[in-house]
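One structure is given below, encoded as structure tokens.
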Amino acid sequence: MGARHLVMIAMGGVIGSGLFLSSGYTISQAGPLGAVIAYLIGAFVVYLVMACLGELAIAYPVSGAFHIYAARSIGPATGFTTAWLYWLCWAVAIGSEFTASGLLMQRWFPGVDVWVWCVIFAAVLFGFNAVSSKFFGESEFWFAIVKVGAILVLIVFGGAALLGFHPLSEGANHPFLFENFNTSGGLFPNGFAGVLVTALAVFYAFSGSELIGVAAGETADPATSIPKAMRSTVIRLLIFFVGAIAVIAATIPFAEVGLDESPFVTVFSSIGIPFAADIMNFVIITALLSAGNSGLFSCARMLYSLADEGHAPRALKKLTRRGIPMTALSVSMLGGLASLISSVVAPETVYLALVSVAGFAVVGVWMSITASHFFHRRSFVKNGGDVAALPYKAPLFPLVPILAFSLCLISLVGIAFDPNQVAALYFGVAFVGACYAFFYFKYGRKTRTDQLS
């Protein structure tokens with residue numbers, strides 16, 4: 001895969017239902033200006049994490065990479081825990097994407113059961129991943145193009161309407177520029193605390209950017225492709241997320257925004273784009289399948305990497321002639337389907353725990369990446385390495401990894417004060433503790449010390 005594939009894999013993992021469906025909730029909690037600020041904070045944290053990730057991905061360009069970073073730089077138990085956290089995160093996401101996609105297909109095919117669409121989508125994504133990594137990268141590239149196209153249309157046409165150019169709109173009361181930002185409750189209708197709580201959720205909305213690290217081992221010329229992809233991803237996420245949120249917040253009155261329909265549908269309808277609901281239904285299904293596609297890829301590489309480290313059954317190491325870890329891919333698909341079933345059979349118990357750990361996992365993995373970078377660079381210098389000779393180095397060391405780790409930690413502490421998110425902390429901490437306990441019980445303190453080629 002090349003840099004363009006890496007960028008779209010990361011974009012595909014990030015841009016999903018969180019932007020297309022839930023962004024209205026973000027605005028309702030933080031206010032129009034507060035939502036923009038929250039997404040700017042999220043983009044800043046993504047930049048910090050990606051800076052650390054870029055240096056590590058070139059140092060360890062292996063498939064399923066960032067749990068390797070933790071295993072080498074911090075310790076094998078941390079690497080083991082990081083891998084299972086991330087695997088579970090995406091396994092839960094896969095099941096959720098299939099269910100949501102099936103429900104959305106009911107708009108056009110009300111007579112077809114949701115489970116039929118789940119099976120069809122599962123087969124399609126499995127096929128994309130089973131052919132070759134390049135075929136997966138190409139499919140994700142085109143999936144992401146659809147989503148990015150929808151966002152660009154929103155920003156361009158929505159922005160033009162805010163400047164007074166909306167010839168297709170029937171109404172004459174379209175807001176001008178940012179007049180909607182000044183709500184009846186002021187710029188921050190729920191206080192600045194609403195912005196901070198929303199910022200915690202925004203961290204989760206940016207999850208998926210770290211997929212560049214997972215794909216590092218299957219990338220042509222990592223020293224060139226990875227830094228290029230990292231920079232492009234951060235810039236595009238900043239433009240697309242912040243730009244889209246700004247247009248939505250400026251277009252939809254604060255008191256009317258919510259979860260009853262996609263904010264994209266509301267904006268498209270307000271500027272007169274025909275068939276807005278059908279267009280966005282297609283785009284959202286594409287977004288969900290794109291995220292599921294990236295998630296399945298990530299899950300398979302994590303299991304393969306664990307097996308390669310000797311911390312999972314050796315059968316998971318088996319590769320096809322095209323270099324696909326087919327057994328790991330099959331197990332990951334089964335994990336996603338198990339998550340889907342639990343959402344129906346035990347939504348208040350098993351599935352609640354899975355979803356909570358998945359939400360916790362994103363920030364936990366980012367903390368692992370930043371801590372790994374801190375210890376890796378310190379060890380590199382201690383062993384006589386020349387920082388100036390590195391193909392890519394994170395700037396302002398050690399400030400960047402320390403600041404990124406601290407902001408992620410604050411977000412985890414903060415969810416303890418949010419009744420809607422506190423379950424993530426309880427189940428997440430318990431899961432991490434269980435992973436460490438299992439590792440030491442099963443493997444002791446022994447680890448492989450051979451270096452990666």
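Just so you know, these numbers come straight off a predicted model, no measurement behind them. Reckoned from all heavy atoms, side chains included, excluding hydrogens, waters and symmetry mates.
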Only pairs under 3.5 Å count here: list side-chain donor-acceptor contacts from residues 122-131, not counting sequence neighbours, and write none if there are none.
from   : atom 1 : to     : atom 2 : distance (Å)
Asn129 : OD1    : Phe297 : N      : 3.4
Asn129 : ND2    : Leu125 : O      : 3.0
Asn129 : ND2    : Asn293 : OD1    : 3.0

Quiz: residues 382-405 side-chain donor-acceptor pairs under 3.5 angstrom, not counting sequence neighbours:
from   : atom 1 : to     : atom 2 : distance (Å)
Asn383 : ND2    : Ser379 : O      : 3.1
Asn383 : ND2    : Ser379 : OG     : 3.4
Asp386 : OD1    : Ala388 : N      : 3.1

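Inter-residue side-chain proximity for Val429 and Phe360 is flagged as met; some heavy-atom pair is nearer than 4.5 Å. A 4.5 Å side-chain heavy-atom check between Phe438 and Trp84 finds every atom pair outside the cut-off. Taking 4.5 Å as the limit, some side-chain heavy atom of Glu55 sits within range of a side-chain heavy atom of Arg377. Side-chain contact between Ser372 and Leu56 is present, with heavy atoms from C-beta onward closer than 4.5 Å. Taking 4.5 Å as the limit, some side-chain heavy atom of Cys89 sits within range of a side-chain heavy atom of Val362.
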(request) Evaluate the side chain to side chain contact (heavy atoms under 4.5 Å, CB included) criterion for residues Tyr47 and Leu237: first the C-alpha distance (whole Å), next the side-chain angles of each, then the deciding distance (0.1 Å), finally the verdict. (result) CA-CA 10 Å; Tyr47 165 73; Leu237 287 178; over 6 Å; no
(request) Might you work through the side chain to side chain contact (heavy atoms under 4.5 Å, CB included) test for Met302 and His67, ending with a clear yes or no? (result) CA-CA 8 Å; Met302 279 293 169; His67 100 89; 4.2 Å; yes
(request) With side chain to side chain contact (heavy atoms under 4.5 Å, CB included) as the test, would you mind laying out the steps for Ile239 and Arg236 before giving the verdict? (result) CA-CA 5 Å; Ile239 294 171; Arg236 293 180 192 190; 5.8 Å; no
(request) Walk me through it: do Trp117 and Leu104 pass the test side chain to side chain contact (heavy atoms under 4.5 Å, CB included)? (result) CA-CA 10 Å; Trp117 292 114; Leu104 289 171; over 6 Å; no
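Not a single donor-acceptor pair under 3.5 Å links the side chain of Ser298 to the backbone N or O of Gly295. Asn281 places no side-chain N or O within donor-acceptor distance of the main-chain N or O of Met105, the cut-off being under 3.5 Å.
Residues meeting the side chain to side chain donor-acceptor pair (under 3.5 Å) test with Thr82, sequence neighbours left out: Ser368. By the side chain to side chain contact (heavy atoms under 4.5 Å, CB included) test, Val153 pairs with Phe157, Phe268, Ile273, sequence neighbours left out. Checked against ring pair (Phe, Tyr, Trp, His ring centres under 6.0 Å), Trp366 has no partners two or more places apart in sequence or in another chain. Partners of Leu319 by side chain to side chain contact (heavy atoms under 4.5 Å, CB included), not counting sequence neighbours, listed by chain and number: Tyr304, Pro325. A search for side chain to side chain donor-acceptor pair (under 3.5 Å) contacts involving Thr78 returns Tyr436, not counting sequence neighbours. The ring pair (Phe, Tyr, Trp, His ring centres under 6.0 Å) search around Phe431 returns none, not counting sequence neighbours. Residues passing the side chain to side chain contact (heavy atoms under 4.5 Å, CB included) test with Ala246, sequence neighbours excluded: Val36. Residues forming a side chain to side chain donor-acceptor pair (under 3.5 Å) with Thr370 (at least two apart in sequence, or on another chain): none. Looking at residues two or more places apart in sequence or on another chain, you find a side chain to side chain contact (heavy atoms under 4.5 Å, CB included) between Val146 and Phe282, Val283, Thr286.
Sorted by first and then second residue, the side chain to side chain donor-acceptor pair (under 3.5 Å) pairs involving residues 322-332 (not counting sequence neighbours) are Trp87-Ser332.
Taking the charged nitrogens against the carboxylate oxygens, Lys317 and Glu309 have no contact shorter than 4.0 Å, which rules out a salt bridge.
Taking the centre of each ring, His311 and Tyr443 come in below the 6.0 Å mark. Centroid-to-centroid, the aromatic rings of Phe121 and Phe98 stay 6.0 Å apart or farther.
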